[in-house]
Amino acid sequence: MKHHWQVLSFTEFTLEQLYAVLRLRQQVFVVEQQSIYLDLDNRDQQALHMLCTLDDQLLAYQRMLPPGLSYPESAMGRIVVSPTARGLQMGKQLVQRGIAFNRETWPASDIRINAQLYLQVFYEQLGFVVQGDEYDEDGIPHIQMLCRAI
């Protein structure tokens, strides 16, 4: 069983892929985390989307945003692993691949994330440093973090 990793622009999604991504984001960020927020923020159309699938099942997803869209730096967001794939180190692989992708695509740019506070140490272990103070985003404690360009 081999995981299939791919990066797609918004227009490259099949309807099935788009549905799976939106369903996973809603399943985790809205239902599981009990956070009512507007997930569709008009940034998906300009983002690049990283998916990991196994037998057409979406296991992990994130979007990468170019510099200037959300922040002066490039960004990674909507980082999510399916509940069925947890415990398989998918999150670590996903973030490492996102960092590598952003560095290759926008080499002069740092990478900014809005991390849920409980994941701060996880992201620090992958090269991110805290920027600023803790804040509330949609009822969940967050912290901005930055991974410097090499």
Side-chain angles (χ1 to χ4, degrees), residues 3-10 13 17-18 20-54 57-150:
H3 296 124
H4 177 67
W5 291 89
Q6 60 184 328
V7 175
L8 303 170
S9 70
F10 187 76
F13 273 120
Q17 288 169 321
L18 180 60
V21 163
L22 296 176
R23 183 174 178 10
L24 179 59
R25 285 171 26 177
Q26 296 304 300
Q27 176 186 7
V28 173
F29 298 134
V30 176
V31 176
E32 182 179 303
Q33 296 180 354
Q34 299 178 349
S35 178
I36 299 171
Y37 77 107
L38 186 59
D39 179 45
L40 301 178
D41 60 2
N42 289 315
R43 290 189 178 101
D44 288 314
Q45 297 91 323
Q46 293 83 34
L48 293 166
H49 306 267
M50 183 176 288
L51 294 79
C52 178
T53 56
L54 178 64
Q57 291 295 113
L58 181 61
L59 301 180
Y61 164 84
Q62 69 183 326
R63 69 180 184 184
M64 289 82 59
L65 305 168
L69 183 59
S70 292
Y71 304 103
E73 308 86 4
S74 70
M76 294 167 33
R78 304 295 198 264
I79 300 168
V80 62
V81 174
S82 170
T84 61
R86 292 186 186 151
L88 303 175
Q89 300 293 310
M90 294 297 304
K92 183 177 180 181
Q93 284 185 63
L94 181 65
V95 173
Q96 288 173 329
R97 285 173 180 263
I99 291 168
F101 180 88
N102 277 32
R103 284 185 172 158
E104 181 179 319
T105 307
W106 304 292
S109 179
D110 295 337
I111 305 166
R112 184 168 297 275
I113 60 172
N114 294 327
Q116 292 184 10
L117 187 61
Y118 83 96
L119 291 168
Q120 178 180 335
V121 171
F122 169 78
Y123 287 114
E124 286 174 337
Q125 292 171 345
L126 296 171
F128 286 88
V129 295
V130 171
Q131 297 284 297
D133 297 323
E134 175 185 334
Y135 63 94
D136 180 276
E137 185 173 321
D138 303 314
I140 298 173
H142 278 71
I143 193 88
Q144 282 203 355
M145 302 185 81
L146 202 65
C147 184
R148 296 282 181 199
I150 296 177

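Side chains are part of it too, since the values below use all heavy atoms of this structure and drop only hydrogens, waters and symmetry mates. A quick note: this is a predicted structure, and the numbers were derived from the prediction, not measured.
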Decide yes or no for [X] and [Y]: does some side-chain heavy atom of the first lie under 4.5 Å from some side-chain heavy atom of the second?
| X | Y | result |
| --- | --- | --- |
| I140 | H142 | yes |
| I150 | R103 | yes |
| M64 | S74 | no |
| S9 | L48 | yes |
| L58 | Q17 | no |
| Q116 | E137 | no |

* Stepwise side-chain contact (heavy atoms from CB on, under 4.5 Å) check, I99 with F128 -> CA-CA 10 Å; I99 291 168; F128 286 88; 3.6 Å; yes

If you take all heavy atoms of [X] and [Y], which pair is closest and at what distance?
| X | Y | answer |
| --- | --- | --- |
| Q62 | L94 | NE2-O, 2.6 Å |
| L38 | R78 | O-NH2, 4.2 Å |
| V80 | L24 | CG1-CD2, 3.8 Å |
| H49 | F10 | CD2-N, 4.0 Å |
| Q46 | P66 | O-CD, 3.7 Å |
| E73 | I111 | CB-N, 4.4 Å |

To the nearest 0.5 Å, how far apart are [atom1] in [X] and [atom2] in [Y]?
| X | Y | atom1 | atom2 | answer |
| --- | --- | --- | --- | --- |
| I143 | I113 | CD1 | CD1 | 10.5 Å |
| M50 | R63 | CE | CZ | 14.5 Å |
| S70 | D41 | OG | CG | 7.0 Å |
| F13 | D44 | CZ | CG | 7.5 Å |
| Q93 | W5 | CD | CH2 | 5.0 Å |
| M145 | Q120 | CE | CD | 5.0 Å |

* Fit a plane to each ring of W106 and F101, take the angle between them on a 0 to 90° scale, and name the class: parallel (under 30°), tilted (30 to 60°) or perpendicular (over 60°). => perpendicular

Does [X], at its [atom1] atom, have more than 12 non-hydrogen atoms belonging to other residues, nucleotides or ligands within less than 6.0 Å?
| X | atom1 | answer |
| --- | --- | --- |
| D133 | CG | no |
| Q57 | CD | no |
| Q34 | CD | no |
| R86 | CZ | yes |

* To do: Please step through side-chain contact (heavy atoms from CB on, under 4.5 Å) for the pair V31 and Q26, ending with a clear verdict.
  => CA-CA 6 Å; V31 176; Q26 296 304 300; 5.6 Å; no

* Asked: Are the side chain of D110 and the backbone of A149 linked by a donor-acceptor contact shorter than 3.5 Å?
  -> yes

* Run the numbers on R25 and L40 for side-chain contact (heavy atoms from CB on, under 4.5 Å), then give the verdict. => CA-CA 10 Å; R25 285 171 26 177; L40 301 178; 4.0 Å; yes

* Run the side-chain contact (heavy atoms from CB on, under 4.5 Å) check on Y123 and I79 step by step: do they pass? -> CA-CA 12 Å; Y123 287 114; I79 300 168; 3.6 Å; yes

